[in-house]
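Let me begin by presenting the structure, written as structure tokens, before commenting on it.
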Amino acid sequence: MTSRLAAPPATPLPTRAGLRSSRWWAAASGVVALAAFLGSAEAVAVVVGARSSPLIAVGGAVIDLAPPAAKNVMVDLFGTGDKAALFVLMGVLLVVITAAAGILERARFPFGRLVFALGGVLAIFAVRTRADASDFDVVPAAVGTVVAILVLRALIGKLFRWDAASRSQSGGSENAELRPPLRSTPLERRSFLLVTFVAAAASVVVGSGARLINATAVNAAALRDSVRLPRPATAASAVPSGASLDVAGITSYVTPSADFYRIDTALSVPQIDPAKWSLEISGLVDTPVTLTWQQLLDLPLVEHMATLSCVSNDVGGDLIGNALWLGYPIRELLKRAGVQESADMVLSTSIDGFTAGTPLSVLQDSQTQALLAIGMNGEPLPVEHGFPVRMVVPGLFGYVSATKWVTSLRVTRFADEKAYWSTRGWDEKGPVKLESRIDTPSGGASVAVGAVPIAGVAWEPHTGVERVEVRIDSGAWQTAELADSVSDDTWRQWVYRWQAQAGNHRIQVRATSKDGRVQKAKYLPPAPNGAEGWDEVTVTVA
Ligand SMILES: Nc1nc2c(c(=O)[nH]1)N[C@H]1C(S)=C(S)[C@@H](COP(=O)(O)O)O[C@H]1N2
Ligand SMILES: [Mo]
């Protein structure tokens with residue numbers, strides 16, 4: 001039992017009123033740290049992309065996770081203002097939680113910071129659950145979490161010093177570590193208030209500025225979700241079952257969009273609102289044409305499967321894919337504009353400034369399905385593959401033909417204008433070369449003696465592959481079995497059923513095109529117009 005008359009405690013505490021106000025300041029520090037989280041995350045999201053804003057992501061995740069009953073209550077109570085009400089509710093909740101975290105940090109560091117770390121992890125999860133979120137999209141939430149923790153630590157540290165200073169003023173501290181140099185309270189107080197004010201003001205100013213930018217930014221992924229593709233006027237013929245060989249490890253005939261290689265110069269993927277998209281066809285034409293998204297959707301669209309590859313694809317490389325495209329033949333648009341005699345090239349431009357120069361003769365050829373494409377494998381183009389509109393030209397490398405996020409076609413002359421990669425040392429014209437690739441077995445593999453399928457793909461889009469041959473250890477060329485294809489515009493799978501004998505073996509492949517050319521042995525690197533040479537692997541058979 002302690003006597004009421006006992007000596008005063010050795011460490012005199014600040015007055016009760018002082019303590020209480022200090023606790024309020026701790027709560028305020030928590031809320032300022034929240035503002036710092038939101039402000040810095042929002043600022044980083046300006047660079048990373050509006051969809052990565054944790055504010056919106058967390059709101060979206062809450063909506064998705066809320067039980068239907070809760071949703072109904074919100075709609076009943078607030079009607080169409082339910083989203084605004086949700087944000088107010090979330091805001092109040094966050095203020096209460098972070099204020100408590102501030103008080104906790106002051107009472108028991110670093111538990112307040114732990115609350116922020118936990119909240120940061122939840123925010124990162126929320127961002128990750130959003131449709132089309134990439135790994136990179138977690139950066140704003142992660143940066144915001146670190147900033148909030150640092151701000152909270154700094155503010156509570158200053159609050160401690162203020163507390164300690166007022167403590168020493170009212171009698172001096174016993175604890176040598178806590179004992180501050182004899183200074184007047186107002187200095188510690190001013191330091192805390194100044195930093196709190198600056199952190200709060202900076203968060204609000206930077207945060208609301210950034211939010212304004214992010215709010216007006218186009219979220220192409222969301223717009224893509226709401227696109228309904230029209231039925232093709234000319235549907236593609238069904239893929240014959242014979243196009244896919246039953247061999248483990250072989251590349252699938254149709255490349256799923258998610259696995260399709262991506263090559264472009266875009267630092268951040270262009271975000272285009274289809275409703276605001278239009279294509280200008282200009283230059284050496286009789287009548288310039290402007291085509292809007294709706295006008296494009298209303299045209300009789302064509303489905304066409306084609307293999308697209310990159311000039312940078314080295315022998316054996318994987319910068320190639322085969323997809324079903326939906327679009328409108330570019331030749332029809334050129335007809336509409338009326339191309340003038342002197343022209344020999346179409347310079348297509350992307351919204352981000354990338355350009356490709358495509359031979360006019362290819363685009364006008366009635367036997368080439370050069371498309372202004374809006375669909376890939378039955379869905380709107382993925383944002384990173386050109387949403388809403390790109391070009392696809394069978395038989396030409398991507399860099400001279402496959403402009404993504406395309407907004408302009410200018411009919412011109414090779415002599416007058418240079419495209420993006422042509423000014424950087426790559427050939428002006430880029431027909432795809434005859435090539436073949438061994439998918440399985442992989443190089444360096446160990447396989448068992450006996451039946452070993454050697455298989456892969458071969459291509460020369462638009463010309464077509466006639467034959468594929470395999471040879472072991474420079475022996476005689478053996479003809480491989482060739483799979484079907486829907487047309488000469490796609491690659492073909494092949495397999496050679498090898499009876500493997502013990503030892504180390506070198507396997508090589510070569511293709512022959514439908515116009516009778518045999519793939520050449522001599523290796524040429526990708527620059528300046530595509531790699532050449534036979535793919536080969538070495539395996540150990542035991
Ligand atoms: N806007 C734009 N379109 C572009 C490019 C680019 O850098 N920017 N790169 C081209 C190149 S080099 C290739 S190989 C193809 C690749 O298309 P993909 O990313 O859909 O596979 O896009 C072409 N279209
Ligand atoms: Mo490319």
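Every number for a ligand or one of its atoms is a count from 1 in the order of the listing.
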Below 4.0 angstrom from a heavy atom of [X], which ligand 1 atoms are there? Numbered from 1 as shown, please.
{"X": "T403", "answer": "3 (N), 24 (N)"}
{"X": "D352", "answer": "1 (N)"}
{"X": "S350", "answer": "1 (N)"}
{"X": "C310", "answer": "14 (S)"}
{"X": "T265", "answer": "6 (C), 7 (O)"}
{"X": "Y399", "answer": "11 (C), 12 (S)"}
{"X": "F260", "answer": "21 (O)"}

Determine, for [X] against [Y], whether the closest basic-nitrogen to carboxylate-oxygen distance falls under 4.0 angstrom.
{"X": "E532", "Y": "K522", "result": "no"}
{"X": "K514", "Y": "E466", "result": "no"}
{"X": "E384", "Y": "K404", "result": "no"}
{"X": "D135", "Y": "R128", "result": "yes"}
{"X": "E460", "Y": "R517", "result": "yes"}

If I compare all heavy atoms of A531 with all of V315, which pair ends up nearest, and what's the gap?
CB-N, 3.9 Å
Among all protein heavy atoms, pick the one closest to [atom] and tell me residue, atom and distance.
{"atom": "atom 2 (C) of ligand 1", "value": "F354 CD2, 3.3 Å"}
{"atom": "atom 13 (C) of ligand 1", "value": "G398 CA, 3.7 Å"}
{"atom": "atom 19 (O) of ligand 1", "value": "K404 NZ, 2.5 Å"}
{"atom": "atom 21 (O) of ligand 1", "value": "Y261 O, 2.6 Å"}
{"atom": "atom 9 (N) of ligand 1", "value": "I263 O, 3.3 Å"}

Check whether any heavy atom of A402 sits under 4.0 Å from an atom of ligand 1.
yes
Spatial distance of atom CD1 (I454) from atom OH (Y496) [nearest 0.5 Å]
7.0 Å
Could you see which bit of Y420 sits under 4.0 Å from ligand 1, with heavy atoms only: side chain, backbone, both or neither?
neither
Does [X] make a cation-pi contact with [Y] (under 6.0 Å, within 45 degrees of the axis)?
{"X": "K429", "Y": "F414", "value": "yes"}
{"X": "R390", "Y": "W405", "value": "no"}
{"X": "R262", "Y": "F260", "value": "no"}

Before signing off on this row, confirm whether S309 and ligand 1 have an N or O atom pair separated by under 3.5 Å.
no
Counting the benzene-type ring for Trp, do W534 and W477 have ring centres under 6.0 Å apart?
yes
Check each of L308, T407, D264, L381 against atom 6 (C) of ligand 1 and report the one with the nearest heavy atom.
D264
Of the listed options R262, R390, E384, closest to atom 17 (O) of ligand 1 (non-hydrogen atoms)
R390
